[in-house]
Undergrad: 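The following block contains the structure, expressed as structure tokens.
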Amino acid sequence: MQFSALQLATMLDGKLEGNPDVKVSNIAKIEEAGEGMLSFIANPKYEEFIYTTNASILIVNESLVTEKPVKSTLIRVKDAYSAFALLLEKYKQIMGNKTGIQQPSHIPASVKTGQNVFIGAFAYLGENVVLGNNVKIYPGVYLGDNVIVKDDTVIFPGVKVYENCVLGSRVILHAGCVIGGDGFGFAPQPDGTYKKVPQIGNVIIHDDVEIGANTTIDRATMGSTIIRQGVKLDNLIQIAHNVDVDTNTVIAAQTGISGSTKIGKNCVIGGQVGLVGHIQLADGTKINAQSGLSKSIAEPNTALMGSPAFDYKSSLKSQAIFRNLPDLEKRVKELEDMVKQLLSVREGV
């Protein structure tokens, strides 16, 4: 598809400088862009490329002052980065605007679908599945019995959603997600074996959630594992049964959250973080990458880092000592000063 500079400027409510009829059909970084390509510049350290780029159209901040002639047609906007992101979003919507049902696919008569639904080849839908308007189901997706998928949700190839789970509106599930697998529930037996505890709950994902590739969210033992509105989950995350992640929290890759943990609103959790089960994180909690958390955080907006990944009893003792290190250092310095004074007095005698 091609877009003219005039079309893009109108779309972005920007001011046009240059040829309004020049067209672009691709997007690239400013230092790599060629003729027929669109790029942008928001970071001042890349401004030198304005004069050397071969991009046909550049989106720039309205405050940008050019010192030399520029070959590219400019579209000036308040925030070039946000404007470029908006264009990418619209482009993706256009490219992903698929409709219809591809074959082969398994769709029982009990399935209910809204308008403009797309179901890709080799998709398998269980009994009584409900799909809202504009839902996109890519090839190789499995939706179990009684799954509900609300309007404008996109499910990419290879996603598996087990029975009775609910996906809200504008949810994005990337390839390989598993939603609603059994929680890790096993009861120890007197003979040393483990008996599986049936997991009869489900997973509920609220509106505007995005979940990265190969992330897994386990169904609740009873009740629901809940991912609330606006949560963003990276790739390769494990969320266990009965976890509740509150609104607008973001979690980076390879994090593991144990069962029944409650995470507050607007939390930020770095990569490879581990959380034990049955704890609560206050709103706004921030956890640095590769940290391990073993207790609840009650104070909002607390920032944490570190991992006590060694013997449990020793780690508790070490944490107590570590907290007192500043006072211990002060006492050591005081003792050193006292020894120096005593030595100087003795030498004086």
Side-chain angles (χ1 to χ4, degrees), residues 42 78-79 81-86 88-89 92 149-155 165-174 177-180 183 201-220 223-308:
K78 290 183 178 179
D79 184 340
Y81 188 79
S82 296
F84 193 72
L86 177 63
L88 291 178
E89 182 180 348
K92 193 168 184 179
V149 183
K150 297 183 181 179
D151 296 349
D152 302 301
T153 285
V154 179
I155 303 178
C165 292
V166 179
L167 308 182
S169 298
R170 299 174 301 281
V171 170
I172 301 173
L173 301 183
H174 287 282
C177 285
V178 178
I179 309 298
N202 71 342
V203 175
I204 298 176
I205 297 175
H206 289 195
D207 298 345
D208 302 304
V209 170
E210 183 162 353
I211 299 175
N214 294 322
T215 283
T216 60
I217 302 176
D218 293 344
R219 70 195 309 106
S224 299
T225 302
I226 304 176
I227 311 298
R228 299 187 185 273
Q229 185 165 359
V231 168
K232 311 301 180 188
L233 303 179
D234 199 357
N235 305 330
L236 295 167
I237 291 171
Q238 157 63 15
I239 295 181
H241 55 203
N242 294 95
V243 167
D244 188 327
V245 183
D246 214 334
T247 56
N248 298 318
T249 282
V250 294
I251 304 176
Q254 298 182 2
T255 288
I257 301 172
S258 300
S260 299
T261 287
K262 311 298 181 187
I263 298 174
K265 300 178 176 68
N266 299 106
C267 294
V268 179
I269 300 177
Q272 296 185 332
V273 166
L275 305 182
V276 302
H278 302 274
I279 63 173
Q280 297 185 14
L281 272 61
D283 295 347
T285 299
K286 296 178 177 60
I287 306 177
N288 199 54
Q290 295 190 326
S291 295
L293 193 60
S294 58
K295 61 180 181 179
S296 293
I297 303 300
E299 185 68 26
N301 302 310
T302 299
L304 305 162
M305 67 177 295
S307 183

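Positions are given from 1, in the same order as the sequence printed here.
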Undergrad: Please report the interatomic distance CD1(I226) to CG(N202), rounded to the nearest 0.5 Å.
TA: 8.5 Å

Undergrad: Measuring from atom CG of N235 to atom OG1 of T255, what distance do you get when rounded to the nearest 0.5 angstrom?
TA: 11.5 Å

Undergrad: Using only heavy-atom distances, determine whether the side chains of Q238 and D218 contain a donor-acceptor pair under 3.5 Å.
TA: yes

Undergrad: Calculate, to the nearest 0.5 Å, the distance between atoms CD1 and CD1 belonging to I205 and I179 respectively.
TA: 4.0 Å

Undergrad: State whether the side chain of S291 and the backbone N or O of G306 hold a donor-acceptor pair below 3.5 Å, judged by distance alone.
TA: yes

Undergrad: Ignoring hydrogens, what is the shortest heavy-atom contact between V171 and H206? Give both atom names and the distance.
TA: CG2-O, 3.3 Å

Undergrad: Let me confirm one number: the CD1-CD1 distance from I251 to I227, rounded to the nearest 0.5 Å.
TA: 7.0 Å

Undergrad: Roughly how far apart are L281 CG and T261 OG1, rounded to 0.5 Å?
TA: 8.0 Å

Undergrad: Going through the distances and angles, do I263 and V231 end up as a side-chain contact (heavy atoms from CB on, under 4.5 Å)?
TA: CA-CA 11 Å; I263 298 174; V231 168; over 6 Å; no

Undergrad: Is any side-chain heavy atom of L167 closer than 4.5 Å to one of I155?
TA: yes

Undergrad: Only one of I287, N248, V250 passes side chain to side chain contact (heavy atoms under 4.5 Å, CB included) with V268; say which it is.
TA: V250

Undergrad: For C267 versus A282, what's the shortest heavy-atom pair and its separation?
TA: SG-O, 3.4 Å

Undergrad: Could you walk me through whether S307 and Q290 pass the side-chain contact (heavy atoms from CB on, under 4.5 Å) test, one step at a time?
TA: CA-CA 7 Å; S307 183; Q290 295 190 326; over 6 Å; no

Undergrad: So how far is it from I269 CD1 to I237 CD1, rounded to the nearest 0.5 Å?
TA: 8.5 Å

Undergrad: Is there a side-chain contact between I172 and H174 in this structure, where contact means two heavy atoms from C-beta onward sitting under 4.5 Å apart?
TA: yes

Undergrad: Side-chain contact, heavy-atom cut-off 4.5 Å: V273 with L293?
TA: no

Undergrad: Backbone N or O of G168 within a donor-acceptor pair of the T153 side chain at under 3.5 Å?
TA: yes

Undergrad: So which of R170, K150, K232 actually passes salt bridge (Lys or Arg N to Asp or Glu O under 4.0 Å) with D208?
TA: R170

Undergrad: Does this structure show an ion pair linking D244 with K262, if we count only N-O contacts that are shorter than 4.0 Å?
TA: no

Undergrad: For S258 versus V276, what's the shortest heavy-atom pair and its separation?
TA: CB-C, 3.5 Å

Undergrad: C177 and G212: which non-hydrogen atoms are nearest, and at how many Å?
TA: SG-O, 3.1 Å

Undergrad: Taking the side chain as everything from C-beta on, heavy atoms only, tell me whether V203 gets closer than 4.5 Å to I239.
TA: no

Undergrad: Any chance you could lay out the side-chain contact (heavy atoms from CB on, under 4.5 Å) test for D152 and S169, step after step, and finish with the verdict?
TA: CA-CA 6 Å; D152 302 301; S169 298; 5.6 Å; no

